[in-house]
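Notes to accompany the following structure.
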Amino acid sequence: QVKLVESGGGLVQPGGSLRLSCAASGSIFSMGWYRQAPGEQRDLVAGITRGGSTNYADAVKGRFTISRDNARNTVYLQMNSLKSEDTAVYYCYANASPFTGSMRYWGQGTQVTVSS
């Protein structure tokens, strides 16, 4: 059973930066973040595999960078040039394997608020 613990959310001004962290209790294939604002669906923000392959939502490309420390089963999301539109609860996820239907794990969520 994989458990995820995420941290790093908070309040930041537009144009500022924030770094999210998510640590997994066991080995997984891929990790990343979804986010969900009130009244919105939960959408993928960024993901990374153990091999280092990454993908980003168009809305965050060029501003967010996801990285991983495989030795610590930890991923990081560096968020720069933050906009009010980035305000949401960010949920860390982990996939147990690269195969369709593999087990999905979720973190508890952390609030990111971008406001002046």
Side-chain angles (χ1 to χ4, degrees):
Q1 186 73 37
V2 173
K3 293 184 178 180
L4 304 177
V5 179
E6 60 182 299
S7 62
L11 175 64
V12 65
Q13 295 185 33
S17 298
L18 214 55
R19 190 191 193 207
L20 305 183
S21 299
C22 183
S25 63
S27 181
I28 47 82
F29 174 72
S30 61
M31 295 178 66
W33 278 268
Y34 281 68
R35 67 185 182 186
Q36 186 171 27
E40 304 281 350
Q41 65 180 347
R42 187 176 296 188
D43 293 325
L44 179 68
V45 178
I48 188 168
T49 68
R50 286 191 57 82
S53 297
T54 60
N55 65 288
Y56 297 91
D58 288 341
V60 307
K61 287 181 179 177
R63 299 188 297 118
F64 291 11
T65 302
I66 190 168
S67 61
R68 86 282 185 233
D69 182 345
N70 287 336
R72 299 183 182 276
N73 287 336
T74 301
V75 294
Y76 307 93
L77 185 66
Q78 180 65 46
M79 305 185 294
N80 298 326
S81 302
L82 283 162
K83 306 174 180 179
S84 61
E85 294 80 11
D86 297 315
T87 296
V89 177
Y90 285 67
Y91 296 93
C92 179
Y93 77 87
N95 293 322
S97 82
F99 301 109
T100 301
S102 67
M103 190 168 292
R104 164 67 63 85
Y105 303 93
W106 292 99
Q108 79 279 9
T110 185
Q111 177 71 48
V112 172
T113 302
V114 185
S115 177
S116 59

* List the steps and the verdict of side-chain contact (heavy atoms from CB on, under 4.5 Å) for R63 and D86. => CA-CA 11 Å; R63 299 188 297 118; D86 297 315; 2.8 Å; yes
* Working to the nearest 0.5 Å, report the span between CD of Q108 and SG of C22. => 8.0 Å
* Specify the closest pair of heavy atoms between R68 and N70, including all atoms of both residues, with the distance to one decimal. => CG-OD1, 3.2 Å
* Given V60, V89, T110, the one that forms side-chain contact (heavy atoms from CB on, under 4.5 Å) with R35 -> V60
* Are S115 and L11 side-chain neighbours, meaning at least one heavy-atom pair lies under 4.5 Å? -> yes
* Derivation of the side chain to side chain donor-acceptor pair (under 3.5 Å) call for N95 and S30 -> CA-CA 5 Å; N95 293 322; S30 61; 3.1 Å; yes
* Going by heavy atoms in the side chains, are Y76 and T65 under 4.5 Å from each other? -> no
Give the table of side-chain donor-acceptor pairs shorter than 3.5 Å for residues 47-54, with sequence neighbours excluded, one pair per line with atom names and distance.
unit_1, atom_1, unit_2, atom_2, d
T49, OG1, G51, N, 3.3
T49, OG1, G52, N, 3.4
T49, OG1, S53, N, 3.2

* Got a donor-acceptor contact below 3.5 angstrom from the E6 side chain to the G109 backbone? -> yes
* **ILVMFWY network linking W33 to Y105, side-chain heavy atoms under 4.5 angstrom** => yes
* Plane angle bin for Y34 and Y93 - parallel if under 30°, tilted between 30 and 60°, otherwise perpendicular -> perpendicular
* Asked: Please walk me through it: do V2 and N73 pass side-chain contact (heavy atoms from CB on, under 4.5 Å)?
  -> CA-CA 11 Å; V2 173; N73 287 336; over 6 Å; no
* From R104 atom CZ to S97 atom OG, the distance as rounded to the nearest 0.5 Å -> 11.0 Å
* Asked: Taking atom CG of L18 and atom CD of Q78, what is their separation to the nearest 0.5 Å?
  -> 8.0 Å
* Asked: Would a hydrophobic clustering, with Ile, Leu, Val, Met, Phe, Trp and Tyr connected at side-chain separations under 4.5 Å, put L20 with W106?
  -> no
* **L44 reachable from Y90 in the ILVMFWY side-chain graph, under 4.5 Å edges** => no
* Asked: Where do M31 and L4 land on the side-chain contact (heavy atoms from CB on, under 4.5 Å) test, with the steps shown first?
  -> CA-CA 10 Å; M31 295 178 66; L4 304 177; 4.0 Å; yes
* Structure fact -> D43 meets the salt bridge (charged side-chain N to carboxylate O under 4.0 Å, His left out) criterion, sequence neighbours left out, with none
* Show your reasoning for whether side-chain contact (heavy atoms from CB on, under 4.5 Å) applies to F64 and L82. => CA-CA 9 Å; F64 291 11; L82 283 162; 3.8 Å; yes
* Asked: At their closest point, which heavy atom of S81 faces which heavy atom of S17, and how far apart are they?
  -> N-OG, 4.4 Å
* **Hydrophobic cluster membership, M79 vs V12, 4.5 Å side-chain cutoff** => yes
* **Closest approach of Y91 to G107 (non-hydrogen atoms, all atoms of both residues)** => CD2-O, 4.0 Å
* Closest heavy-atom contact between T74 and A23? -> OG1-CB, 3.7 Å
* Could you tell me whether the side chain of T87 and the main chain of V114 form a donor-acceptor pair under 3.5 Å? => yes
* Asked: Do you know which two heavy atoms are closest between A37 and A88, and how far apart they sit?
  -> N-CB, 3.8 Å
